[in-house]
Amino acid sequence: MNITKTLIFFCLLGVLNTAFSQQRDIPKKVDALLKKMTLAEKIGQLNQYNGDWEATGPVTPDVGNKLDAIKRGEVGSVLNIVGVKHTRVFQEAAMQSRLKIPLLFGQDVIHGYSVTFPIPLAEAASWDVQAIEKSARIAATEAAAGGVHWTFAPMVDIARDPRWGRVMEGAGEDPYLGSLIATARVKGFQGKGLGSLDAVMACAKHFAAYGAATGGRDYNSVDMSLRTLWEIYLPPFKAALDAGAATFMNSFNDLNGIPASGNRYLQRDILKGKWGFKGFVVSDWGSIGEMINHGYVKDNYEAAEAAINAGSDMDMESRSYIKNLAKLVADKKVSVAVIDEAVRRILTKKYEMGLFDDAYRFSDAEREKQAINTREHVEAARDIARKSIVLLKNEHQLLPLSRDLNSIAVIGPLAKLKKEMKGFWALNIGDEKEIVSLYEGMQNQGGKTKLLYAKGCEITDTSRAGFNEAYKTAMQADVVVMAMGERFDMTGEAKSRSDIHLPGVQEELIKAIMSTGKPVVVLLMAGRPMVFNWTADHVPAILYTWWLGNQAGNAITDVLYGSYNPGAKLPITFPRTEGQIPIYYNHFNTGRPARNDNDVNYTSAYIDLPNSPKYAFGHGLSYTNFTYSNLRFSKKSMLKNGSITVSFDLQNTGKYPGEEVAQFYLRDLVSQPVRPVKELKGFQKLMLQPGETKTITFTIDKEKLAFYNDKLERITQPGEFRLMIGSASDDIRLQDNFVLAD
Ligand code: NOJ
């Protein structure tokens, strides 16, 4: 080592050491600060107010001037303020408080900050965890540059009910896929770790079981067995925690009669107890006060008592803590130790974020200008948008479209819309000009093909006045591309629907256009699985494009023309109709399983509807074909602590290069308690050139065979298992049994 290298080495060591000792000293610093704090100042740290930007829930009567409250040390965090200039005003107020404890700025950065990415459910359809991590990384980079410290994401709620409006915000129905995506998102948001200038704190939400709202109605009660909770709903939260999620948010629902905000079992026993979570828990908006409506407590005083004792550290907007905790301490209903513990958790994060070193470190106007809307971010948004598009159907290889067409008719209420492309939970940052509508995307790549346009109908309106013009327009074209779907605010928080059919008269318009005899491609833009049976049965080519964000139009056009070959797979089951809901692939077999869709003879079936979904979990086509062959096992029997490797060959037998998500499912054939007919245990997404073959290997070990018994112990049971490899949960190409020996 020469002298310069040695010097650099020691300098680096020095920097690392200082960073390390700074982190190591945090507990001491927190203790020292706690000693200086009055009870009122401690309670202030547990209080979070909405800023003055945008309310995302009912606002309780105001507390007067919030900046004054901040100066008095009554506020620990503010949500819904963004931008360096704006957040600085609030931080300056905090710096005028007695102890100058910096504020944390929280924001729902759900799928992008300024550059909007596809909605989370769409990204989940990519089954591409690297791309998902990158999307979160970019969102964090932009948000942190815009003064945000903390995103209320990822939402890791499992959802088996597409009526539930918030299905758009999660990763779908599967705990395995959901856990991988939860990990990717937390890693993306937190980057190199809290304290980096481009990292924001992640928040795994909503703890817990919020996605199982009865009837799919938002905020509704959840009644479920603890085994289902542990098996299906908790794994993505555990994954988020293991990935280092700095915070958790509890949920609006009650779980088996106990509202999440007052739920000790969830917050103290599981999260902070068994799992050893070191971060803090924020309530959901007003959820502490809402325990009164639940009928769990009689007033805000009791609500604050129940919530803090159950482990809710920060009160978002219910104001129960700020108004009642001091009296609760005086009345000996809440101990100072409980308050100290919550404050300690919050202060620790503020230290880890580096805010005590410099409260304005996220307030750099120059960085804000540089870091937002970069070309790289826009390109990444286009890339993940393409990866999220699911090819549901492609008869006679109608897609991809030829670039030699004379004309294409672009028809439908969503064809020229821009804001809709962003979807729900998008921030109002950035210019509408940056959003690419479908029509613009097609214009950008139009070449010599003439584009014709007719709206045909509105999204929800029932007028058919535009049908005629749309019909005539279609008649003049070689091919018709129809942009149909939901308005952006028809899926999201408080946007549950009992009827999830394609809205308005849109399916009638599709019928009218199909009657022209022209080749028709339907694009379905929505935040949830919709019901569209006539379209599914009659239209030759269907792409489910969800809401894809700023680059929607470009990404869809890439897929239409085949410059990108779609490879996405549904992360959630698409029902034939609402009557099948809840519907999910990993169900039990029952004592009277139907042998097929027509088997209604005293079997577990509907007499008026097949059991199978319209599109199954994991479904998604490509412009090319894949063949699965040559399944082989390293051995057919394993011991509890052993493993088996399974390999097979995947070949691209079609004409286009393309990506396949090869899925690996298991079934425990005899078990007490019973196990699902199929459970996703692994997958690989890989690109193959035409004619190319690759070998894929999965390993089966104890963890893949384990499950929770009725005592909630994670166990394995010896016996026979079935391994299934396929292109979708209902398209199994290879299968065989193996044994877990005694
Ligand atoms: C209520 C939502 O349930 C939650 O997800 C969100 O983070 C908060 N409002 C803040 O906007």
Side-chain angles (χ1 to χ4, degrees), residues 47-60 75-82 104-113 119-121 136 139-140 143 148-159 164-171 182 185-186 189 200-213 216-222 236-237 240 245-255 259-261 279-291 293-294 307 312-319 423-429 489 491-496 527:
N47 184 34
Q48 185 186 51
Y49 282 152
N50 184 47
D52 48 9
W53 194 46
E54 194 176 338
T56 50
V59 179
T60 34
V75 186
S77 171
V78 178
L79 78 150
N80 286 337
I81 45 166
V82 293
L104 279 173
F105 299 121
Q107 183 64 46
D108 292 287
V109 181
I110 307 293
H111 52 114
Y113 178 75
I119 56 165
L121 186 63
V148 173
H149 304 141
W150 175 21
T151 175
F152 302 127
M155 187 191 97
V156 302
D157 295 307
I158 294 293
W164 188 50
R166 298 195 80 168
V167 69
M168 50 89 34
E169 207 181 327
R185 292 202 162 119
V186 170
F189 287 132
V200 294
M201 296 198 299
C203 181
K205 69 187 189 185
H206 307 81
F207 199 63
Y210 179 44
R217 214 178 65 214
D218 210 358
Y219 316 128
N220 206 0
S221 295
V222 175
F237 285 101
T247 70
F248 268 54
M249 183 185 290
N250 60 33
S251 54
F252 288 121
N253 56 288
D254 74 88
L255 174 63
S261 303
F280 70 88
V281 179
V282 63
S283 79
D284 204 344
W285 182 294
S287 67
I288 294 178
E290 285 170 17
M291 288 196 286
N293 292 342
H294 278 282
S312 302
D313 300 307
M314 187 180 274
D315 174 3
M316 180 191 286
E317 267 295 329
S318 96
R319 297 158 196 207
F424 200 84
W425 280 126
L427 297 171
N428 250 337
I429 300 168
D489 60 356
T491 302
E493 186 182 346
K495 302 292 180 286
S496 295

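Both counts, for ligands and for their atoms, begin at 1 and track the order of listing.
- Side chains of Trp150 and Gln107: no donor on one and acceptor on the other come within 3.5 Å.
- Within the listing of ligand 1, atoms 7 (O) sit less than 4.0 angstrom from a heavy atom of Phe152.
- The pair Glu493-Lys495 does not meet the salt-bridge criterion, since no charged nitrogen lies less than 4.0 angstrom from a carboxylate oxygen.
- Using a 4.0 Å cut-off to heavy atoms of Met249, the atoms of ligand 1 that qualify are 4 (C), 7 (O).
- Contact between Met155 and ligand 1 is absent, with no heavy atom of the residue lying under 4.0 Å from the ligand.
- Ser261 and Ser287 are linked by a side-chain donor-acceptor pair at a separation below 3.5 angstrom, with hydrogens and angles left out of the test.
- Taking only nitrogen or oxygen atoms, main chain and side chain alike, His206 reaches within less than 3.5 Å of ligand 1.
- Centroid-to-centroid, the aromatic rings of Tyr219 and Trp164 stay 6.0 Å apart or farther.
- For ligand 1, the atoms sitting less than 4.0 Å from at least one non-hydrogen atom of Lys205 are 4 (C), 5 (O), 6 (C), 7 (O), numbered in the order shown with element in parentheses.
- Asp254 meets the salt bridge (Lys or Arg N to Asp or Glu O under 4.0 Å) test with no other residue; sequence neighbours excluded.
- Counting heavy atoms only, Asp284 comes closest to atom 3 (O) of ligand 1 of the residues Asp284, Val282, Asp157.
- Looking only at atom types and distance, the side chain of Asp218 has no donor-acceptor partner in the side chain of Ser496 under 3.5 Å away.
- Taking only nitrogen or oxygen atoms, main chain and side chain alike, Asn80 does not reach within less than 3.5 Å of ligand 1.
- Geometrically, ligand 1 and Arg166 share a nitrogen or oxygen pair separated by less than 3.5 Å.
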